[in-house]
Every structure is written in C-alpha cells, then in structure tokens.
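Below is one structure, written out as structure tokens, with a few remarks after it.
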Amino acid sequence: MPAKKSPAKKAPKSMPYEQGAWAHVFAPRAPGERRYWLIKSEPDVFSFEDLERAPKQTTCWDSVRNSSARNFMRDGMKKADLAFYYHSNAEPSGIVGICEIVREGYPDYTAWDPSHDYFDEKSDPDMPTWYMVDVKAVKPFKTMVALPEIKGDPALAEMALVKVGRLSVVPVTPAEWEYLCALGGVA
DNA sequence: GCCAACGTTGGC
DNA sequence: GCCAACGTTGGC
C-alpha cells in the first residue's frame with residue numbers, strides 16, 4: 001500500500017486553463033502553425049452576410065462575456081488563424097462560412113460603455129476583464145453544414161461545439177477543420 | 001416556451 | 001470553502 005494515498009483528487013471547480021482540457025490550444029506553437037476556431041453569432045444580430053458587407057469585411061468580435069470564450073480570444077487566437085462562422089439560434093443553426101483572425105486579443109471597450117448592452121461595471125480599464133479579436137470574412141460555405149448533420153457524424157462527435165454546447169467561441173482541430181471544409185464545399 | 005448545462009454570486 | 005440560487009446560452 002502506498003505510504004500516503006491521498007483521497008481521489010477532485011478536479012478543482014475552475015482549473016487554470018493552462019492545465020485544463022484545453023491546454024493544447026494555448027500551448028506554444030510550431031513555426032508557422034495555424035490553429036482553428038469556431039465563433040457563433042445569431043444571424044438576426046450579425047450574420048456572415050453582415051460581415052461580408054462590413055467595411056474591409058472586418059469587425060471586432062465584441063460583447064463576449066464568458067471567461068472560457070474570453071481566454072480563447074485573448075490567449076489562444078493568433079493572427080492568421082481561421083475560424084468557422086456559425087449561426088446560432090437560427091433555422092437551421094450551422095456553419096455558414098470561414099473568417100480569419102486579423103487582430104489578436106485586445107480589451108473589449110464595450111464593457112466600459114454604460115450605454116452598451118453588455119456594459120460591465122466591474123471591468124477596469126487598467127485590468128480589463130473582457131477581450132475581443134478582429135475577424136475578417138474569407139469565404140462562405142457553398143453549402144452550409146447544419147448542426148444536426150454535425151451531431152450525426154461520428155467523425156465530428158468530439159467537436160468542442162458538440163461537447164460544450166453553449167460556448168460562443170470554441171477550438172476546432174485541424175482534422176475537424178479539413179473535414180468540415182469538405183462538407184461545406186470549400187475544400 | 002422549456003430546459004439542460006454550467007458559470008457566477010453570495011450567504012454561511 | 002461549500003453550495004444553493006440565479007442568470008445565460010442555445011438547442012429543441
């Protein structure tokens with residue numbers, strides 16, 4: 001018997017993400033390595049078409065108020081990474097296009113604007129709570145890939161999108177990326 | 001409109 | 001530090 005067997009260690013409620021399940025998406029990169037993401041937006045609020053019509057086809061991805069999503073944007077995403085553009089709360093919901101990270105994490109100033117819907121009085125400009133990135137439309141999917149199709153596909157069963165439903169920013173593996181681009185007709 | 005999942009808050 | 005209450009996301 002081991003001299004001192006500590007009782008089964010419970011996973012801390014909030015593990016630092018550098019050691020958590022997503023450690024690999026924050027890990028140092030090989031030279032030139034590109035990583036992949038998925039970002040959600042309700043099309044009634046801001047659709048992929050809206051992004052294509054925006055000046056320079058670019059927008060700041062503001063108003064995210066979830067710490068996991070924030071961490072992905074602040075510390076995970078790097079310039080030239082690509083992201084699927086996902087329409088949530090839509091009929092049907094699904095992936096409709098591809099965009100590129102064109103500016104890395106910087107403070108989400110909407111958190112400091114009392115007139116803004118997502119004003120957060122606890123976000124201090126000297127120590128910002130919330131971060132965002134800038135994304136630019138790259139191209140639409142030829143055929144959207146709807147959520148039921150994703151959920152029904154064994155090759156995609158491990159997607160963070162499926163596993164952690166409610167997160168608005170999630171990582172995508174290179175294999176999932178290739179596979180979904182093929183499904184979307186943009187391989 | 002309902003509800004599952006889960007993060008956050010606050011009482012103790 | 002625990003945990004119940006509450007809020008949010010987003011599928012269905």
Side-chain angles (χ1 to χ4, degrees), chain A residues 6-26 36-51 59-77 83-99 105 107-133 135 140-141 143-173 176 179-180 183-184:
Chain A
S6 56
K9 226 181 234 163
K10 247 198 312 193
K13 221 177 258 169
S14 61
M15 182 183 289
Y17 59 79
E18 296 88 343
Q19 304 157 27
W22 302 118
H24 59 285
V25 308
F26 300 105
Y36 303 98
W37 311 88
L38 179 149
I39 61 176
K40 299 182 188 175
S41 181
E42 302 190 22
D44 292 347
V45 178
F46 197 81
S47 68
F48 189 71
E49 293 73 24
D50 291 329
L51 180 59
T59 191
C60 55
W61 207 248
D62 64 3
S63 304
V64 172
R65 298 290 182 268
N66 172 282
S67 53
S68 298
R70 185 271 319 277
N71 294 344
F72 291 140
M73 291 200 294
R74 186 188 60 193
D75 306 325
M77 290 178 170
F84 288 133
Y85 200 104
Y86 177 94
H87 282 170
S88 61
N89 266 324
E91 196 48 61
S93 294
I95 298 170
V96 296
I98 292 173
C99 56
D108 180 347
Y109 45 75
T110 66
W112 306 326
D113 176 0
S115 70
H116 196 274
D117 284 350
Y118 293 90
F119 171 62
D120 178 359
E121 59 182 2
K122 293 196 291 283
S123 182
D124 174 354
D126 293 328
M127 260 254 287
T129 308
W130 305 114
Y131 281 72
M132 58 188 176
V133 296
V135 299
F141 269 18
T143 45
M144 86 170 288
V145 180
L147 184 61
E149 185 179 354
I150 294 171
K151 286 193 158 173
D153 192 326
L156 301 173
E158 295 303 313
M159 276 194 83
L161 172 70
V162 177
K163 293 264 170 173
V164 240
R166 44 172 248 308
L167 262 187
S168 63
V169 178
V170 285
V172 172
T173 68
E176 291 159 354
Y179 191 88
L180 279 159
L183 288 183

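Only this structure's heavy atoms are used, side chains among them; waters, hydrogens and symmetry mates stay out. Everything numeric here is computed off the predicted structure, so don't read it as measured data.
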Here the distance between atom C1' of dC6(B) and atom CH2 of Trp22(A), to the nearest Å, is 14 Å
Paired with Tyr179(A), the side-chain contact (heavy atoms from CB on, under 4.5 Å) test is passed by just one of Thr173(A), Asp153(A), Val172(A), namely Asp153(A)
ask   = With a non-hydrogen cut-off below 4.0 angstrom, is Ser68(A) in contact with a base, only sugar-phosphate, or nothing?
value = nothing
Side-chain contact test, heavy atoms from C-beta onward, threshold under 4.5 Å: evaluate it for Arg65(A) versus Asp108(A) and give yes or no. yes
To the nearest angstrom, the CZ-P distance between Phe72(A) and dG7(B) comes to 11 Å
With sequence neighbours left out, the residues meeting side chain to side chain contact (heavy atoms under 4.5 Å, CB included) with Glu149(A) are Val145(A), Leu183(A)
Phosphate contact (dG7(B) OP1 or OP2) by Ser67(A) side-chain N/O below 4.0 Å: no
Lys151(A) meets the salt bridge (Lys or Arg N to Asp or Glu O under 4.0 Å) criterion, sequence neighbours left out, with none
* **Close side-chain approach of Tyr85(A) and Phe141(A), heavy atoms under 4.5 Å** => no
Tabulated below should be each protein N or O lying under 3.5 Å from an N or O of nucleotides 10-12 of chain C; please produce it.
residue : atom : partner   : partner atom : Å
dG10(C) : OP1  : Arg166(A) : O            : 3.3
dG11(C) : OP1  : Tyr86(A)  : OH           : 2.6
dG11(C) : OP2  : Asn89(A)  : N            : 3.0
dG11(C) : OP2  : Ser93(A)  : OG           : 3.1
dG11(C) : O3'  : Lys151(A) : NZ           : 3.4
dC12(C) : OP1  : Lys151(A) : NZ           : 2.7

Tyr36(A) and Phe84(A) aromatic centres sub-6.0 Å
no
